[in-house]
Amino acid sequence: MSIIIDYYNKFDEWGRLDREPLEFIINMHHIRANLPTAGRILDNGAGPGKYSIELAKQGYQITLSDLTPRLVEVAQQKATEFKLIDQFEGFHVMDACDLSSFTDEQFDATIMLGPMYHLQSEKARIQAIQELHRVTKSGGVVFVAFMSRTKFLHTSLHYPLFWKPNHTSQGISTFLETGVFNHIDEGRFTEAYYYPIEEIATFMEVQGFHTDKLVGSSSVATSMSKEQWDYWKDRGEDEFNTIMNIILEQSDNPYILGSSSHIMYIGRKQ
């Protein structure tokens, strides 16, 4: 866990979602569409709180938690900066596998868009989802992000020297078998776990959730270059908005989930 904390102490996660806005836009589109009209929300593994801030603007009462103390501090600063601090019921430094500070069925909805990337043991993954299940009200909606083993295979094949040890056939073979990835180069994205897309819904259902759908958070547009985006922007605002609506509509098309690096599970506590 110390490696993860060290990594995110140095990494600009808020800026990443600004630089790569499609993931945030798609996720928020589906989160808004599936949340109740009001209620208490846990943003677990919230990082610097970009999703929390957006939901607080819409009137939800937010509880925020993350493993990295610096990111929790940033989130609190952002809430103060946006004059939304009264919408927050707490900012917690907390491991996703232990939500014991929260009571059973405390939240109307729960969001966990980070922790599952880094829990390499099956025991830890199960524990994190069981804790999420415990603190979510019966019938409450959950949003959980996973990283796709399919997409990371694509990335490794295209950019092998950026993703060592997946710069060798043995490295890729081991990764496909285990889903575990530890970057050889110090300071790079480390201690990650990538899911087979076909196993995500079953995994969540075994832990007591009913599956609504899976969303490809970067959809068919994941690999578009600046020049390709500029083509659609240059065709005018109306046409660009139409293209964005198409991207949003296609983001839960099950046949294109493998093109997305991040998969968001949407389900409800049974």
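Every heavy atom of this structure was used, including side-chain atoms; hydrogens, water molecules and symmetry mates were not.
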When you measure from the side chain of [X] to the backbone of [Y], do you find a donor-acceptor pair of N or O atoms at a distance under 3.5 Å?
X      : Y      : answer
Thr68  : Leu71  : no
Ser260 : Ser217 : yes
Glu239 : Gly236 : no
His183 : Phe162 : yes
Arg149 : Leu176 : yes
Ser219 : Ala221 : no
Arg125 : Leu119 : yes

Any chance CD of Glu177 has more than 12 other-residue heavy atoms, nucleotides or ligands included, within less than 6.0 Å?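 Atom CD in Glu177 is not crowded, with 12 or fewer foreign heavy atoms closer than 6.0 Å.
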Does a sphere of radius 6.0 Å around CD in Glu237 hold more than 12 heavy atoms from other residues, nucleotides or ligands, not counting ones at 6.0 Å or beyond?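 No, CD of Glu237 has 12 or fewer neighbouring heavy atoms, counting only those of other groups under 6.0 Å.
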Separation of [Y] [atom2] from [X] [atom1] (nearest 0.5 Å):
X      : Y      : atom1 : atom2 : value
Lys269 : Gln207 : NZ    : CD    : 12.5 Å
Ile62  : Glu54  : CD1   : CD    : 10.5 Å
Asp252 : His29  : CG    : NE2   : 7.5 Å
Ser138 : Gln270 : OG    : CD    : 9.0 Å
Tyr195 : Ile197 : OH    : CD1   : 13.0 Å

Determine whether the aromatic ring centres of [X] and [Y] lie less than 6.0 Å apart.
X      : Y      : result
Tyr117 : His262 : yes
Phe146 : Tyr193 : no
Tyr265 : Phe203 : no

Criterion salt bridge (charged side-chain N to carboxylate O under 4.0 Å, His left out) on Asp108 and Arg40, from CA distance to verdict: CA-CA 5 Å; Asp108 298 288; Arg40 304 171 75 189; 5.9 Å; no
Any luck finding a side-chain donor-acceptor pair between [X] and [Y] under 3.5 Å?
X      : Y      : value
Thr80  : Gln76  : no
Thr110 : Thr136 : yes
Thr202 : Glu205 : no
Ser251 : His30  : yes
Gln120 : Asn182 : yes

Would you indicate whether the side-chain heavy atoms of [Y] and [X] approach each other to under 4.5 Å?
X      : Y      : result
Phe152 : Met147 : no
Thr63  : His92  : yes
Leu55  : Asp43  : no

NZ/NE/NH1/NH2 to OD/OE distance under 4.0 Å, Arg134 and Glu131: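 Salt bridge flag = yes for Glu131 with Arg134.
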Taking all non-hydrogen atoms of both residues, which atom of Leu113 and which atom of Phe143 are closest, and how far apart?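 Here Leu113 and Phe143 meet closest at CD2-O, 3.9 Å.
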Tell me the closest heavy-atom pair linking Trp232 and Ile243, and the distance in Å.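 The pair with the smallest heavy-atom distance is CE3-CG1, 3.5 Å.
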Pairing residues for Glu73 by the salt bridge (Lys or Arg N to Asp or Glu O under 4.0 Å) criterion, not counting sequence neighbours: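 Listed in chain order: nothing, the list is empty.
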